[in-house]
Amino acid sequence: MLEAVEPMDAADPLRHFREEFVLREGLIYLDGNSLGALPKTTLERMQHTLSQEWGQGLISSWTEADWIEAPGRIADKIAPLIGAGAGEVVACDSTSVNIFKALSAALSLQSDRKIMLTEAGNFPTDAYMMQGLAKSGGAAYEFLAVPRDRILEALNDDVAVLLLTHVHYKTASMYDMAEVTRRAHEVGALVVWDLSHSTGAVEVDLNGANADFAVGCGYKYLNGGPGAPAFLYAAKRHHHAQPILSGWFGHARPFGFEEDYEAVAGIDRFQCGTPSILSMAALESGVDQLLRADPAAVRQKSISLSELLVKEMEPLCEEFGFVLASPTDPAQRGSHVAYSHPNAYAMVQALKARDVIGDFRTPDTIRFGITPLYLRFADMVGAVQRLRQVCEQREWERAEYQTLSAVT
Ligand SMILES: *Cc1c(COP(=O)(O)O)cnc(C)c1O
């Protein structure tokens, strides 16, 4: 079986990227959609940023090492990955905070509309941020979550903003961004797209879809490291919008130290406080590496790997009761593949003991993240072989695999 896919790995145009990552021999890492692997260049970059820029340059590195430019510079590198123009993206803060900023900016453009709409079962932080914002607005706003197949019919002229995750964190179902945006605009609603599971894995064209706002994550397919800065996109036509979080880095003259807030023109008003330079350095290194790969080849390989995994899993679905929880059509699927199984948590733990890292999402989902830069076709076959052993030898029944850990 493993030999059968050797020609696929040999013909893979992205195969040389794997050795650019720190990945232990024998490990099959199917969790890059939760935390991307460490690029070797990032080790050198961090060493330089720490010892030279911080250690030697101290505070002068804000200008001499261009720290102050990092949020815009890195964002302009992310822009082509998401179909944004230069000056439409800023890299800063966490995805959660950026969701809050994008939503509040969208609301500032909408008078007399009450509803913040999302999909029931969206990634929790997206809904939590909307709930918090709704509470802070007193009676002005209302939070509404409806099932995925009822989103379009829930759009009406009371909806101020629709927030959706482009690729669903559990199922990997992918929205037609242009079509949903068009339908929202028809009733005068604005849309915030969460690209956390899209950026760096599937092709995204925000401007082509006439998108309003978007946010995304730096530590998944961008390989920016744990807690990496996220990014925020606002279409040029919305740059006069005002996010509620008015920090000094969004001021027209931060070093004027003025008494009153005056937003800077352009995307920088979506910055808030001092950028986290160490994390920015790691993020830039991850993005620089990804930019060397052809996005079409990345998407194509993601599809081919996923299709192989789905095919290899078919017999296990029949024998051991796994159920594919992702779309079968690759055009409607992002870059992970999910299965449901009543013993999902214990299965994921038992797989880990066999050096295959996937993840569990409550209550019964197993996710396999497909990261085209460092996964091989042989890894798909190998992972399923090891899962078969876990099932045949009933390894998941062990007592130590039954209790949930704090992070899953
Ligand atoms: C990973 C992810 C986030 C992460 O938010 P943080 O603020 O970085 O913790 C947000 N939304 C979605 C859809 C995600 O998948």
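Heavy atoms only: backbone and side chains are in, while hydrogens, waters and symmetry mates are out. Counting convention: from 1, in listed order, for ligands and their atoms alike. Quick caveat, the model's predicted, so the values are computed rather than measured.
Inter-residue side-chain proximity for T408 and D359 is flagged as unmet; no heavy-atom pair is nearer than 4.5 Å.
Close placement of the F257 and F255 rings is indicated, their centers lying within 6.0 Å of each other. Less than 6.0 angstrom separates the ring centroid of H238 from the ring centroid of F213.
Remark: ligand 1 atoms within the under-4.0 Å shell around heavy atoms of T165 are 13 (C). Residue S196 has at least one heavy-atom neighbour below 4.0 Å for each of these atoms of ligand 1: 2 (C), 3 (C), 10 (C), 11 (N), 12 (C), 13 (C), 14 (C), 15 (O). Listed by number with element, the atoms of ligand 1 under 4.0 angstrom from any heavy atom of S94 are 7 (O). With ligand atoms numbered from 1 in the order given, ligand 1 contributes 10 (C) to contacts under 4.0 Å with heavy atoms of T125. Atoms of ligand 1 found under 4.0 Å from any heavy atom of Y219, numbered from 1 in the order shown, are 1 (C), 4 (C), 5 (O), 6 (P), 8 (O), 9 (O). Taking every non-hydrogen atom of H197 and a distance limit under 4.0 Å, the qualifying atoms of ligand 1 come out as 15 (O).
In terms of N/O distances under 3.5 Å, ligand 1 is approached by D194.
Between H166 and W193, the two ring planes are perpendicular [angle over 60°; tilted spans 30° to 60°].
Remark: minimum distance from atom 2 (C) of ligand 1 to any protein heavy atom is reached at K220 NZ, 2.4 Å. Taking atom 7 (O) of ligand 1 as the reference point, the nearest protein heavy-atom neighbour is S96 OG, 2.6 Å.
By the side-chain hydrogen bond (donor to acceptor under 3.5 Å, both in side chains) test, R376 is found to be paired with D379, residues two or more places apart in sequence or in another chain being considered. In this structure, H168 has no side-chain hydrogen bond (donor to acceptor under 3.5 Å, both in side chains) partners at least two apart in sequence or on a different chain.
Between the choices N33, D93, T95, I99, the shortest heavy-atom distance to atom 5 (O) of ligand 1 belongs to T95.
Remark: E179 engages R182 in a salt bridge, criterion side-chain N to carboxylate O under 4.0 Å.
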